[in-house]
Amino acid sequence: MDRLYLPRTDRSPLVELDVDSHRLRIEGESYPEDAAAFFGPILAWLDAYLGQCRPTPPDSPIVMDVRLLYFNSSSAKALMNVFQRLESTARAGVEIDVNWHYHLDDETMMEFGEDFSEDFESVRFNLCASETELA
Amino acid sequence: MSIADDYLYFHQRMLGHGVIFSFVGYVSESILFSLGEALKQKMRLEATDANVTKRLFSVFVEQVQNIIRYSDERLEAGSGRPSEMGSGMVTVGRDEAHFFVVCGNIVKHDEGASLCRRLEALAAMDSAAIRSHYREKLREPAEESDRGASIGLIEIARRSTRPIEFGLADLGDGRAFFCLKAYI
């Protein structure tokens, strides 16, 4: 399986899903013209990757680092879909960490992190307040 | 009245309403992006609190995307969604205490009435109730016909620091002018 890499644009985040290191990253701002078209291939890739991990979990946990500055409501829905896939995979016995990074003064991203954290039981979801700007 | 007097009056009237900028006509996603950049730049230059800028920007994006997607006056190119345009108006301004974002566009009367019912329910909620309503909606699978409108409206109500205001003006031909104002 190949690595997925989408560079950051004005309106869409950097997305990197590395099958070798089992690290996933999403960084930047997300309000693409068509959220379904942007996130569709990412979800498809994730389904294929997580499908491989279920029968033979990797030796080290899968780690996802989220560093978002802003996302619109359609992107929030898409993120929820990503997280639901991770949670169901973790429930099947794969170790997964999600690190939600935000600047400590950023009330919006902190609240979103708290909101998403409520949906996780098997994934370890970590709120990571940072003193430095994420951009 | 000379043309300059005419437009001076128009200009002054807008400024008198606290308008920072206003766009009337067909909006596309690329216009949304450019106006949003201008808005962020102005906020940066004025050293506005970063959290205020974020809230304002978020409301602005959801408002304009609603016009693009749901205005009854629309243009759609054959190639699909990204080239769609919806007609309406979006105004960002400031009064004594708040920034505000108003959007207005024409809708079918029945759709407008149903929008207003949803907004009435939102306007009656306190911020904790809006937040938990948002969380519920986030978990619901998206309906085919609904490209995220309801969660967009909740996002607008959630970022607004005062209850949202909205209304419908009947145009008499089965259509109505819908408007929604949020304060930050």
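Per chain, numbering begins at 1; letters A, B, ... match sequence-line order.
- Between B:Y134 and A:F112, the ring center distance clears the sub-6.0 Å criterion.
- For a residue to count as touching a neighbouring chain, one of its non-hydrogen atoms must lie under 4.5 Å from one of that chain's; by this rule A:F116 touches chain B with the side chain only.
- Within the model, atoms CG of B:L138 and CG of A:L79 stand 8.5 Å from one another, a figure rounded to the nearest 0.5 Å.
- The hydrophobic clustering, which links ILVMFWY residues whose side-chain heavy atoms are closer than 4.5 Å, places B:F166 and B:M89 apart.
- For the set A:M109, A:E111, A:M80, the count of heavy-atom pairs under 4.5 angstrom toward chain B peaks at A:E111.
- Residue B:D6 qualifies as enclosed at atom CG: its count of foreign heavy atoms under 6.0 Å is above 12.
- When heavy atoms are compared at a cutoff of 4.5 Å, A:D10 approaches chain B by way of both its backbone and its side chain.
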| task | Please assess B:F60 against A:Y31 for the test ring pair (Phe, Tyr, Trp, His ring centres under 6.0 Å), listing each intermediate value before the final yes or no. | result | CA-CA 12 Å; B:F60 173 80; A:Y31 57 117; 9.4 Å; no
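- Summarising the hydrophobic clusters (Ile, Leu, Val, Met, Phe, Trp, Tyr; side-chain heavy atoms under 4.5 Å, direct or chained), the residues clustered with B:V102 are B:F100, B:Y183.
- By the 4.0 Å N-to-carboxylate-O rule, A:E114 lies close enough to B:R131 to be salt-bridged with it.
- Both A:M1 and A:L4 belong to a common hydrophobic cluster when Ile, Leu, Val, Met, Phe, Trp and Tyr are linked at side-chain heavy-atom distances under 4.5 angstrom.
- Contact record, B:N51 with A:T108: OD1-N, 4.3 Å, taken as the closest heavy-atom pair.
- Heavy atoms only, all atoms of each residue included: A:S73 and B:G152 are closest at OG-CA, 3.4 Å.
- In this structure, CG on A:L69 lies 11.0 Å from CZ on B:F57, to the nearest 0.5 angstrom.
- Of the residues considered (B:E155, B:R55, B:R139), B:R139 shows the highest number of contacts with chain A, using heavy-atom pairs under 4.5 Å.
- Using modelled atom types, no side-chain atom of A:D115 and backbone atom of B:R135 make a donor-acceptor pair closer than 3.5 Å.
- Counting non-hydrogen atoms of other residues, nucleotides and ligands closer than 6.0 Å to CD of A:E121 gives a total of 12 or fewer.
- Other residues, nucleotides and ligands contribute more than 12 heavy atoms inside 6.0 Å of the CG atom of B:D126.
- Side-chain contact between B:L32 and A:E33 is absent, with no heavy-atom pair separated by less than 4.5 Å.
- For B:F21, the CZ atom counts as densely surrounded, since its 6.0 Å shell holds more than 12 non-hydrogen atoms of other residues, nucleotides or ligands.
- Ion pair A:R11/B:E29 flagged as a salt bridge, since at least one NZ, NE, NH1 or NH2 atom sits closer than 4.0 Å to an Asp/Glu carboxylate oxygen.
- The cluster map of Ile, Leu, Val, Met, Phe, Trp and Tyr, joined by side-chain heavy atoms under 4.5 Å apart, puts A:L14 and A:I42 in different clusters.
- Within a 6.0 Å radius of CD1 in B:I3, no more than 12 heavy atoms belonging to other residues, nucleotides or ligands are found.
- A donor and an acceptor atom, one from each side chain of A:N72 and B:Q65, are located under 3.5 Å apart.
- With hydrogens and angles disregarded, a donor-acceptor distance shorter than 3.5 Å links the side chain of A:K77 to the backbone of B:K137.
- Hydrophobic clustering of Ile, Leu, Val, Met, Phe, Trp and Tyr side chains at less than 4.5 Å, counting indirect connections, unites B:F23 with B:F99.
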